[in-house]
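Just so it is clear, the model here is predicted, and its values are computed rather than measured.
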Amino acid sequence: MLAEVFREHGFEGASLAVISARTGLGKGSLYHFFPGGKAEMAACVLDGIEAWFETRMFRPLREDPDPAAALRAMLAATDSYFRSGQRICLVGAFALGAVRDTFAQRIDAYFAAWRDAVAAALGRAGVAEAKAVDLAEEAVTAIQGALVTASALQDPGLFGRTLDRIAARIEAALAGG
């Protein structure tokens with residue numbers, strides 16, 4: 001629930017009054033559970049996001065014995081997690097906001113882990129290292145850009161089309177193209 005408040009209002013716009021109204025907790029209860037205030041709430045939300053991505057995407061990309069299947073599953077999980085382009089990337093939103101400095105190390109680590117996990121899967125599938133790193137960087141960048149563009153143009157289909165293009169590029173690389 002906290003994550004959705006931050007997605008809808010941004011870190012700066014997610015006042016304690018808004019958070020209280022959405023969670024049903026009074027300000028006193030919020031401070032009881034989160035003595036560090038809104039920054040601690042955001043840190044807990046990042047904990048959840050990091051855990052989800054590590055478990056559902058990054059670890060399978062690094063460890064699945066079938067890296068091609070892991071890459072396909074990553075794209076499907078990406079589509080599902082971001083609700084086919086209708087849900088912004090909260091880590092990306094934090095990266096662009098005034099809160100970036102507070103969470104810079106975690107934001108950097110999230111994007112680097114995603115890129116590195118995709119590159120690892122491509123490498124295990126036989127794609128040359130330099131090409132794997134380039135394609136991984138392109139994939140993560142395209143996903144993030146598509147989320148922003150789909151939201152700006154109010155065209156969630158753009159996100160799906162971008163994922164389809166990424167899938168085609170990955171399949172071509174896996175086929176040696």
Do the charged groups of [X] and [Y] touch, with an N to O distance under 4.0 Å?
X: Glu138; Y: Arg165; answer: no
X: Arg161; Y: Asp155; answer: yes
X: Arg124; Y: Asp66; answer: no
X: Glu4; Y: Arg22; answer: no
X: Asp164; Y: Arg169; answer: no

Inset, instruction - Decide if atom CZ of Arg87 counts as having more than 12 heavy atoms of other residues, nucleotides or ligands within a radius under 6.0 Å. - result: yes

Legend entry - Atom CZ of Arg7 with >12 non-hydrogen neighbours under 6.0 angstrom: yes

If every non-hydrogen atom of [X] is compared with every non-hydrogen atom of [Y], which pair is closest and at what distance?
X: Leu30; Y: Met41; value: CB-CE, 4.0 Å
X: Arg72; Y: Glu171; value: NE-OE2, 2.8 Å
X: Tyr31; Y: Gly37; value: CE2-CA, 3.7 Å
X: Phe159; Y: Ala150; value: N-CB, 4.2 Å
X: Phe53; Y: Tyr110; value: CZ-OH, 3.3 Å
X: Gly92; Y: Gln144; value: CA-OE1, 4.3 Å

Inset, instruction - Taking the side chain as every heavy atom from C-beta outward, state whether Ile166 and Thr78 have any pair of such atoms under 4.5 Å apart. - result: no

Inset, instruction - Measure the shortest side-chain to side-chain distance between Asp108 and Arg100 over non-hydrogen atoms and say whether it is less than 4.5 angstrom. - result: yes

Legend entry - Single hit among His9, Lys38, Met1 for side-chain contact (heavy atoms from CB on, under 4.5 Å) with Ile19: Lys38

